[in-house]
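Structure record follows, encoded as structure tokens.
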Amino acid sequence: MATMPFSGKAQEQEPDQTELSDTDKQQLQHALHRGQALYNYDRAAWLATDAMLEAIKDPAGEGLRGWIVEEEETSWRVTFYKGEGGGYAGVFEGIFDGQKLTSSGRVPSDRAPFDAKQTALVKARDAVKDVELQRCSSQPFNLVIMPTGKADGGLFVYYLVPQSKADAVHLGGHYRFEVRDGEQVDMRKFTNSCIELGGAEVEEETKPAALMISHILDRVPTEIHVFSTFALRTPIYVSTTQNKGLWAAEVSDGQARLRRVK
């Protein structure tokens, strides 16, 4: 997925919150933080996968089943693992600092098997793998699994439609599952249909300064709108039809921002 450099965590935003309910304000902050988290988790996995494929020519032959991403204090650790049932062990890992991989290589043979927290990330992937979904692309979904931040210790599993080209992004076809104790407890879609934004073949100097999309399912933008600004490298204006609001999802000084226009 084509992305732009990003160098930090999500920052608190204070858009014009006139006439917004407490729920709307909370959803804005969730959209911002989850959108930036999606970017970091997705980019970390992408770069680590490239490094893994250079080092391991036959991942299936070595028994690799997938990967997990763990957010650390200032970085994201991607671990490719093998195993099944209740036992998993790391084979290869990469460390992403928000801009690039700072290190990558095989996991030492004396490293302990996955602990309960790491195993829960694997189980969350397995909990939703057989769900039937509307497809907006022939390409496999990109998966992002991360903590919900709730006290119950649940996890979000995002199914993201990959970009078909660098200057276009799918706004439709993405899903978010919530998994608790290895079981799916919630699921949402972000649009009712397949929507692709951008992709017009124009010269660099005539590219639009921003793109616009209508959104009918929420009163405020979602994490998908925030995440997509990184992929497009272009602001996205979101018209929320429920309250006739207009919002700008954009990147300023390497940080995602949500700004209410009206």
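Here, residue 1 is the first one in the sequence, and each next residue gets the next number.
Using a distance-only test at 3.5 Å, with no hydrogens or angles considered, a donor-acceptor pair links the side chain of Asp115 to the main chain of Lys117. Here the side chain of Gln27 pairs no donor or acceptor atom with the backbone of Thr222 at under 3.5 angstrom. Judged by distance alone, the side chain of Thr234 and the main-chain N or O of Leu232 form a donor-acceptor pair under 3.5 Å.
Among the candidates His30, Arg176, Gln36, the single residue satisfying the side-chain hydrogen bond (donor to acceptor under 3.5 Å, both in side chains) test with Glu223 is Arg176.
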Would Leu47 and Phe96 count as a side-chain contact (heavy atoms from CB on, under 4.5 Å) here? Give the steps. CA-CA 8 Å; Leu47 294 177; Phe96 175 65; 3.8 Å; yes
Can you list the steps and then say if Leu160 with Val144 is a side-chain contact (heavy atoms from CB on, under 4.5 Å)? CA-CA 8 Å; Leu160 304 174; Val144 171; 3.9 Å; yes
Verdict with reasoning, Lys57 to Glu62, per salt bridge (Lys or Arg N to Asp or Glu O under 4.0 Å): CA-CA 9 Å; Lys57 303 306 180 185; Glu62 294 209 21; over 6 Å; no
Run Trp76 and Tyr41 through side-chain contact (heavy atoms from CB on, under 4.5 Å) and show every step you take. CA-CA 7 Å; Trp76 292 260; Tyr41 276 71; 3.8 Å; yes
Let's go through Val169 and Leu171 carefully: what are the C-alpha distance in whole Å and the side-chain angles of both, what is the deciding distance for side-chain contact (heavy atoms from CB on, under 4.5 Å) to 0.1 Å, and is it a yes or a no? CA-CA 6 Å; Val169 66; Leu171 270 296; 3.7 Å; yes
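When side chains are defined from C-beta on, Tyr81 does not count as touching Val91, because their heavy atoms never get closer than 4.5 Å. For the pair Leu101/Ile95, no side-chain contact is recorded, criterion being any heavy-atom separation below 4.5 Å from C-beta on. Glu70 places a side-chain heavy atom less than 4.5 Å from the side chain of Leu121. Residues Asp22 and Asp24 are not in side-chain contact: their nearest non-hydrogen atoms beyond the backbone lie 4.5 Å or more apart. Side-chain contact between Tyr159 and Leu143: present, with at least one pair of heavy atoms (C-beta onward) separated by less than 4.5 Å. Residues Asp42 and Phe227 have side chains in contact (heavy-atom distance under 4.5 Å, counting atoms from C-beta outward). Put simply, the side chain of Leu64 reaches to within 4.5 Å of the side chain of Met52, judged on heavy atoms. Residues Pro59 and Leu53 are in side-chain contact: their nearest non-hydrogen atoms beyond the backbone lie under 4.5 Å apart.
The existence of a salt bridge linking Glu250 and Arg259 is confirmed by a sub-4.0 Å separation between a basic side-chain nitrogen and an acidic carboxylate oxygen. In summary, Glu93 and Arg111 engage in a salt bridge, as defined by a charged side-chain N under 4.0 Å from a carboxylate O. With salt bridges taken as basic N to acidic carboxylate O contacts below 4.0 Å, none links Glu183 and Lys123.
By the 30° and 60° cut-offs, the orientation of the rings of Phe141 relative to Tyr175 is perpendicular.
In this structure, a donor-acceptor pair under 3.5 Å is absent between the side chains of Gln184 and Glu178. Residues Thr49 and Trp67 bring no donor and acceptor atom of their side chains to less than 3.5 Å of each other.
The shortest non-hydrogen separation linking Cys136 to His170 is O-CE1, 3.5 Å. Taking all atoms of both residues into account, the shortest heavy-atom contact from Ala127 to Gly182 is CB-O, 3.4 Å. Between Ala168 and Gln163, the shortest heavy-atom contact is O-NE2, 2.9 Å. Here the closest non-hydrogen pair linking Gln118 and Pro113 is OE1-O, 4.3 Å. The two residues Leu28 and Leu258 make their nearest non-hydrogen contact at O-CD1, 3.7 Å. Between Gly90 and Phe114 the shortest heavy-atom distance is N-CE1, 3.7 Å.
Phe190 carries Arg188 over the face of its six-membered ring, with the cationic atom under 6.0 Å from the centre and within 45° of the normal.
Atom OG1 in Thr229 sits 10.0 Å away from atom OH in Tyr39 (nearest 0.5 Å). For the atom pair CG (Asp97) and CG (Asn40), the distance works out to 10.0 Å, reported to the nearest 0.5 Å. Between the OG atom of Ser228 and the NE2 atom of His174 there is a distance of 5.5 Å, given to the nearest 0.5 Å. Rounding to the nearest 0.5 Å gives a distance of 5.0 Å between OG1 of Thr79 and CD1 of Ile68. Interatomic distance, His33 NE2 to Leu38 CG, rounded to the nearest 0.5 Å: 13.0 Å. Note that CZ of Arg125 and CZ of Phe177 are 13.0 Å apart. Values are rounded to the nearest 0.5 Å.
Follow the hydrophobic side-chain contacts under 4.5 Å out from Tyr158 and you reach Ile195 in the same cluster.
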